[in-house]
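In this text the structure is predicted, and so the values were computed from the model without any measurement.
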There are 2 protein chains.
Amino acid sequence: MRLTRDHVVAVALDLLDEVGLEHLTMRKLADALDVRNGATYWHFRSKQALLEAMADALLAGLPAGLPAGQPWDELAAHVARRLRQALLSRRDGARLFSGSFFPLPNALAYGETMVGLLVGAGLDHRAATWATDTLTYYVVAHVTEEQLTAALPDGGQAARVRLDAALDPDRHPHLLAARDDLAAPHPTAHFDHGLALVIAGIRSSRDRSTS
Amino acid sequence: MRLTRDHVVAVALDLLDEVGLEHLTMRKLADALDVRNGATYWHFRSKQALLEAMADALLAGLPAGLPAGQPWDELAAHVARRLRQALLSRRDGARLFSGSFFPLPNALAYGETMVGLLVGAGLDHRAATWATDTLTYYVVAHVTEEQLTAALPDGGQAARVRLDAALDPDRHPHLLAARDDLAAPHPTAHFDHGLALVIAGIRSSRDRSTS
DNA sequence: ACCTGAACACCGTTCAAGT
DNA sequence: ACCTGAACACCGTTCAAGT
């Protein structure tokens with residue numbers, strides 16, 4: 001069967017789930033596609049171009065319609081949660097996405113939705129754009145951390161031991177008091193908490209500028 | 001001269017400024033140190049261990065004392081700005097830092113300072129920890145983007161042309177209206193805007209829980 | 001203890017040659 | 001047009017052997 005860009009991307013995403021971004025190589029991909037090593041370079045200029053196509057595929061159909069009759073802050077939380085889900089749908093999805101510089105179609109659609117929604121809430125275009133950046137930074141960075149800790153060996157046991165060893169009662173009293181929350185045992189609650197924080201910030205900066 | 005861990009880290013950071021994280025290799029580092037290729041492995045278990053030592057060196061002396069008599073939100077902004085400066089001090093500093101899983105001494109000191117400051121503002125330990133996470137995610141993600149765009153060839157001219165080509169008046173009216181703010185021509189103003197947003201969110205969530 | 005020499009098992013990318 | 005075969009110029013890491 002002849003290769004197509006879509007097929008290469010689909011197989012590459014499956015391979016990503018299997019081996020992780022670190023070990024995703026063009027040679028393993030060629031094996032998975034049952035072709036020789038240089039074949040994919042006829043369809044993609046470089047590995048980077050393939051990774052960007054994969055990143056955009058991750059976001060496919062992301063903001064397919066907003067729920068009607070909701071206030072703007074609910075909508076913003078909804079879109080942010082959908083972005084998180086899209087990034088979580090594949091191993092290392094967040095790092096894959098943040099490695100893309102190119103303006104990708106689905107990423108633009110996401111941005112347009114979020115900026116439009118915030119403009120509807122009363123922000124001017126600059127404030128809406130920068131607030132979208134802040135929200136997106138938050139989502140991507142959170143999911144990056146989430147996926148890194150999920151990939152730890154031993155379910156993170158060794159990491160927790162190292163953390164305990166590094167924490168000193170004299171120098172880190174507050175971190176020790178928060179020790180059980182540092183290990184991030186509730187990623188979704190953790191995510192929602194920070195998301196509500198950022199949205200509350202958007203709300204208060206909007207109220208300040210329109211009052 | 002014999003190698004020391006500190007000397008290896010210092011030369012590695014200079015090499016990082018010169019070639020960027022992508023092209024920082026153990027072989028180039030050995031050349032810069034004027035030793036043969038495997039020598040650094042006597043001092044660092046792996047490249048990853050070296051990168052983590054470099055990341056911690058980046059944060060050296062980061063929160064060396066807080067200004068006295070300031071309200072908590074000023075202090076939080078101060079610490080966040082110092083983190084940004086530390087990450088900006090070396091090429092790809094933000095990506096270097098976000099690639100570290102290990103609990104590094106200077107990173108812990110930063111976290112202790114920020115959590116303590118927020119506890120002082122009236123947050124409980126969990127809220128203070130998660131707010132610190134949100135702030136840190138924001139700073140690291142913002143500086144990552146900042147350093148990626150700063151490293152673009154042509155001063156980002158080609159990237160701007162690609163963005164204009166990708167924006168469609170019918171599908172991206174809001175992004176087009178915000179086009180001049182998308183290119184991020186004022187990184188510090190952009191950073192401060194988002195920082196104020198997150199801090200305002202922390203303030204409002206604190207007010208909600210203490211009222 | 002600290003480093004060299006040399007190898008092992010990989011990489012991304014290119015490109016003439018085949019079909 | 002699309003892919004193979006084979007090479008180029010690299011990688012991180014290991015480890016016996018030297019000093």
Side-chain angles (χ1 to χ4, degrees), chain A residues 1-55 57 91-92 95-96 98-102 148 151-153 158, chain B residues 1-55 57 91-92 95-96 98-102 148 151-153 158:
Chain A
M1 197 188 86
R2 303 264 292 273
L3 292 182
T4 61
R5 283 178 60 99
D6 285 350
H7 185 235
V8 172
V9 167
V11 171
L13 285 170
D14 286 344
L15 183 59
L16 177 65
D17 272 338
E18 207 179 312
V19 302
L21 190 56
E22 210 93 332
H23 298 107
L24 179 71
T25 70
M26 296 302 269
R27 289 161 200 266
K28 284 179 191 161
L29 177 57
D31 278 355
L33 289 164
D34 203 34
V35 293
R36 290 325 107 223
N37 178 29
T40 48
Y41 283 89
W42 204 92
H43 300 273
F44 292 92
R45 193 191 312 98
S46 64
K47 185 182 185 182
Q48 178 62 30
L50 171 64
L51 291 174
E52 283 170 353
M54 291 168 67
R91 183 164 166 187
D92 294 330
R95 275 196 297 163
L96 177 64
S98 64
S100 309
F101 321 94
F102 208 83
L148 282 178
L152 287 175
Chain B
M1 198 190 83
R2 303 264 294 272
L3 292 182
T4 62
R5 283 178 61 98
D6 285 350
H7 184 235
V8 172
V9 167
V11 171
L13 284 170
D14 287 344
L15 183 59
L16 176 64
D17 272 338
E18 207 180 311
V19 302
L21 190 56
E22 209 92 334
H23 298 106
L24 179 72
T25 70
M26 297 301 268
R27 288 160 201 265
K28 285 179 190 160
L29 177 57
D31 278 355
L33 288 164
D34 203 33
V35 293
R36 291 324 108 222
N37 179 31
T40 48
Y41 283 88
W42 203 92
H43 300 273
F44 293 93
R45 193 189 313 99
S46 62
K47 185 182 184 182
Q48 178 62 29
L50 170 63
L51 291 173
E52 282 170 355
M54 292 168 66
R91 183 166 168 185
D92 294 329
R95 274 197 294 162
L96 177 65
S98 65
S100 309
F101 324 93
F102 208 83
L148 281 180
L152 286 175

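Between Asp17(B) atom CG and Asp92(B) atom CG the span is 9.0 Å, to the nearest 0.5 Å. The structure places OG1 of Thr25(A) at 6.5 Å from NZ of Lys47(A), a figure rounded to the nearest 0.5 Å. For the atom pair CG (Leu50(A)) and CG (Leu24(A)), the distance works out to 7.0 Å, reported to the nearest 0.5 Å.
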Distance-only criterion, 3.5 Å: show the donor-acceptor pairs between side-chain atoms of residues 1-15 of chain A and protein atoms not counting sequence neighbours.
| unit_1 | atom_1 | unit_2 | atom_2 | d |
| --- | --- | --- | --- | --- |
| Thr4(A) | OG1 | His7(A) | N | 3.1 |
| Arg5(A) | NH1 | His43(A) | O | 3.1 |
| Asp14(A) | OD1 | Arg90(A) | NH1 | 3.0 |

For residues 29-39 of chain B, which side-chain N or O atoms pair as donor and acceptor with protein atoms under 3.5 Å away, sequence neighbours left out?
none

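Legend: residues meeting salt bridge (Lys or Arg N to Asp or Glu O under 4.0 Å) with Arg91(A), ordered by chain and number and at least two apart, are absent.
Separating the C1' atom of dC2(D) from that of dA17(C) is a span of 13 Å, rounded to the nearest Å. Between dA9(D) and dC10(C), the distance separating the two P atoms is 22 Å to the nearest Å.
Contacts with DNA chain D (heavy atom under 4.0 Å) in residues 7-24 of chain B: Leu24(B), listed by number. Within residues 35-55 of chain A, the residues having any heavy atom under 4.0 Å from DNA chain C are, by residue number, Asn37(A), Gly38(A), Tyr41(A), Ser46(A), Lys47(A).
Residue contacts shown for Arg27(A) include a base, since a base heavy atom lies under 4.0 Å away.
Distance, Leu29(B) CG to dC11(D) C1': 14 Å, rounded to whole Å. For Asp31(B) and dC10(D), the CG to P distance is 11 Å, given to the nearest whole Å.
Ionic pairing of Arg45(B) and Glu52(B) is not present here: no N-O contact between side-chain nitrogen and carboxylate oxygen is shorter than 4.0 angstrom.
For the pair Lys28(B) (side chain) and His23(B) (backbone), a donor-acceptor distance under 3.5 Å is present.
With distances taken from any side-chain atom of Arg2(A) to the nucleotides dA1(D), dC11(D), dC11(C), the minimum falls on dA1(D).
Taking a pair as Watson-Crick or G-U wobble with both distances under 3.5 Å, the runs of three or more consecutive pairs in DNA chain C are C:4-8 with D:12-16, C:12-16 with D:4-8.
Mapping Lys28(B) and Leu3(A) onto DNA chain D by nearest heavy atom places Leu3(A) at the nucleotide closer to the 5' end.
Shortest non-hydrogen contact noted between Ser46(B) and Tyr41(B) is CA-CE2, 4.0 Å.
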